[in-house]
Chemist: 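Once you've had a glance at the structure underneath, I'll fire off some questions.
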Amino acid sequence: MSKRALTVTRQDNFPEWYQAVVREADMAETSPVRGCMIIKPWGWGVWERIQAELDQRIKDTGHENCYFPLFIPMSFIAKEAEHVEGFAKEMAVVTHHRLKNEGGKLVLDPDAKLDEPLIVRPTSETIIGDAFQRWIKSYRDLPLLINQWANVVRWEMRTRLFLRTAEFLWQEGHTAHADQADAMAETRKMLEVYREFSESVLAMPVIAGEKPANERFPGADNTFSIEAMMQDGKALQAGTSHYLGTHFAEAQNIQFQNAQGQLTLCHTTSWGVSTRLIGGVIMTHGDDDGLRLPPKIAPRQIVIVPMLRDKPEDAELIAYCGTLENDLKAFGIRVLVDVKPTKSAEKRWSWVRRGAPVIVEIGGRDATGNNVTFMRRDRLRDGDKVVSHTKPRAAFIAEAPALLAEIQASLFAEAKARLDGNITREIKNFDELSAHFGATEGDDEAGPFKGWVLVPWSEPEGERLEAIVDRLKALKLTIRNAPLEQGKVEGSCVFTGMAATSNILIARAY
RNA sequence: CGGAGCGUAGCGCAGCCUGGUAGCGCACUUGCUUCGGGAGCAAGGGGUCGGAGGUUCAAAUCCUCUCGCUCCGACCA
């Protein structure tokens, strides 16, 4: 009776469970190219929903979309010192533009060697900055607010589908402003857009805050992030927003004439979220029966499965489902009638694994009685038993939008309770921190859920910070961010013993 | 790139120690019977056992190399 749709549980082996969901929910698969992924229609549908919702918000805040090239001249990357340092180790390089056939073997044609190698963009600050430098002349051209949806490549050592892949898809916003205040306001505004988007669309609660110096984007003065808590207690950086100061403006001559006629450096920002969000959704909402998708990003919000029997009366059943489909579509609901000639039970469970928010099953009795039988994916079971509900057709249709809203809200509430309930705030010193996380030393597999801790600290920088980072590393911990909503700051720094100036989140992370 | 483990049908696995050229469950195909629900019976399809080389009359099994995956470490907006 306790049969689950997946063969691995979260409890048994979280990483394996994650991979099983990606596979069984038909989201993506690995490709012949190491570290890259094939995003399948169901996974792509989720990404399209993410794009649509976020793109609207990006436009609503005054940004315009455009597109810059995949290839960047190598010299561009070299312009900003920290930027090179940060990305040099993971860049794909194009050196030739032609192959030649040498005795049946394809080889690089030495005559087609590029004078200047091209790098495949790991991010686009430099090539966009180059354009900004040409586009911006006057203070009247500012602020310049640009966004692009693109793929980028970072040659990562270790990859996992959605969470960290060599090629991934994202949106990167790039803006230029007249002064620091304006650029910083932009940085914070987009962080807030990400927070609101994550919580209301992905139903994924996050903590927005500022990254410590060691976690800053290469070339940024300030980096902000939203951090989400996965079901294994690890943190996932779900989005970042950077205030780049005048570093890129200096390196690339991005200047404008102010109202007094003086040439002035721009202050720039950049911000992005990626397909990693999908991994976050899986690890936030998935259960031992597979994925659970928030209705706002589900490619199909309601899937109708007619209980076909390969008999003449199937036609009536399909017709009944068809009118139900149309009535639901009239509410703007994304509906699918799954008429595939597969066994009904098989279809049901495939939609359970994929996480369709509402799965409707229509049998002969529903059709004649004018009823609808359905399951809520967010509350699939009572104990081990699968729960299905039956309602009059008209009532089901009338209540469908509210039902989807309720599912969206309940997924968020569940995740929010987990986040709020698992941030420990009582840690006073490093020993307590070690004890809190270190109790499981030795059996790190499937260890108890530790969540995050919020501790006071004194914001050290430089070598003192490096030393702290090393101590944390020994416990497999990282500093996530200093939440924007600080609450009370009291006591002394858990690392230095000095008077605390802010609180930071510490956690194991992806 | 270092340590550990694993690659046998789409998925999950057995077989390997003690070589004799492949099996189980689910899924898939066909038929019959069932049918308010992850059905039963029967008959099928699908694998050069990750790849290459070696030992041997004979290799999934033993040896060497290699590729990939997972975990840990290093690395990572």
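To find a chain, count down the sequence lines: A is the first, B the second, and so on, and within it residues start at 1.
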Chemist: Choose from A77(B), C76(B), G37(B) the nucleotide whose nearest atom is closest to any side-chain atom of Glu361(A).
Modeler: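 It is G37(B).
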Chemist: Quote, to the nearest angstrom, the P distance that separates C26(B) from U21(B).
Modeler: 26 Å
Chemist: For this output row, return yes or no: ring centroids of Trp271(A) and His63(A) closer than 6.0 angstrom.
Modeler: yes
Chemist: Reckon Lys89(A) has a side-chain N or O less than 4.0 Å from the OP1 or OP2 of C76(B)?
Modeler: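 So the side-chain polar atoms of Lys89(A) do come within 4.0 Å of the phosphate oxygens OP1 or OP2 of C76(B), strictly under.
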Chemist: May I ask you to check if Arg471(A) and Phe430(A) form a cation-pi contact, with NZ or CZ under 6.0 angstrom from the six-membered ring centre and within 45° of the axis?
Modeler: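 Ring-cation test returns yes.
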Chemist: Measuring only the P atom in each nucleotide, how far is G10(B) from G53(B)? A whole number of Å is fine.
Modeler: 23 Å
Chemist: What nitrogen or oxygen pairs link the protein and nucleotides 27-33 of chain B at under 3.5 Å?
Modeler:
none

Chemist: Tell me, please, which residues at least two apart from Ala220(A) pass side chain to side chain contact (heavy atoms under 4.5 Å, CB included).
Modeler: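 By the side chain to side chain contact (heavy atoms under 4.5 Å, CB included) rule, Ala220(A) matches Phe217(A), Thr223(A), His242(A), Leu244(A).
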Chemist: Could you identify the nucleotide paired to C49(B), looking across every strand shown and requiring Watson-Crick or G-U wobble geometry with both distances under 3.5 Å?
Modeler: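 When the pairing criteria are applied, nothing turns out to pair with C49(B), so the answer is none.
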Chemist: Excluding sequence neighbours, so at least two apart, what forms ring-ring contact (aromatic ring centres under 6.0 Å, His included) with Tyr510(A)?
Modeler: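 Expected list: none.
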Chemist: Please give the distance between the C1' atoms of G47(B) and G7(B) as a whole number of Å.
Modeler: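 Their C1' atoms lie roughly 14 Å apart.
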Chemist: Which of the following nucleotides, C69(B), C76(B), G37(B), is nearest to the side chain of Gln19(A)?
Modeler: C69(B)
Chemist: Please state how far atom CE in Met307(A) lies from atom P in G38(B), giving the value in whole angstrom units.
Modeler: 8 Å
Chemist: Is the shortest side-chain N/O distance from Arg158(A) to OP1 or OP2 of C72(B) below 4.0 Å?
Modeler: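 So the side chain of Arg158(A) is within the cut-off, an N or O lying under 4.0 Å from OP1 or OP2 of C72(B).
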Chemist: Can you give each donor-acceptor pair under 3.5 Å made by side-chain atoms of residues 352-360 of chain A, sequence neighbours left out, with the distance rounded to 0.1 Å?
Modeler:
none

Chemist: Does OP1 or OP2 of C69(B) have a side-chain N or O of Arg160(A) closer than 4.0 Å?
Modeler: no
Chemist: Counting only non-hydrogen atoms, which of residues 308-318 of chain A are less than 4.0 Å from RNA chain B?
Modeler: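 RNA chain B contact set from residues 308-318 of chain A: Arg309(A), Lys311(A).
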Chemist: So which nucleotide from G38(B), A74(B), A77(B) ends up closest to the side chain of Met157(A)?
Modeler: A74(B)
Chemist: Only pairs at least two apart or in different chains count here, so list each side chain to side chain donor-acceptor pair (under 3.5 Å) that has a residue in residues 205-222 of chain A.
Modeler: Glu210(A)-Asn222(A), Lys211(A)-Glu227(A), Lys211(A)-Gln237(A), Asp221(A)-His247(A)
Chemist: In whole Å, I'd like the distance from the CD1 atom of Ile359(A) to the C1' atom of G38(B).
Modeler: 12 Å
Chemist: Which listed nucleotide (G38(B), A77(B), C11(B)) is nearest to the side chain of Arg23(A)?
Modeler: C11(B)
Chemist: Quick one: salt bridge (Lys or Arg N to Asp or Glu O under 4.0 Å) partners of Asp288(A), sequence neighbours excluded?
Modeler: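 Result, salt bridge (Lys or Arg N to Asp or Glu O under 4.0 Å) vs Asp288(A): Arg10(A).
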Chemist: Check whether any side-chain N or O of Lys473(A) sits under 4.0 Å from OP1 or OP2 of C75(B), and answer yes or no.
Modeler: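 Affirmative; the distance criterion is met.
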Chemist: Kindly state each residue pair satisfying side chain to side chain donor-acceptor pair (under 3.5 Å) with at least one member in residues 83-93 of chain A, sequence neighbours excluded.
Modeler: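 Pairs touching residues 83-93 of chain A that pass the test: none.
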Chemist: Less than 4.0 angstrom between a side-chain N/O of Arg34(A) and OP1 or OP2 of C69(B), yes or no?
Modeler: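 For C69(B), OP1 or OP2 has a side-chain N or O of Arg34(A) closer than 4.0 Å.
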Chemist: Listed by chain and number, what are the ring-ring contact (aromatic ring centres under 6.0 Å, His included) partners of Trp42(A), not counting sequence neighbours?
Modeler: Trp351(A)
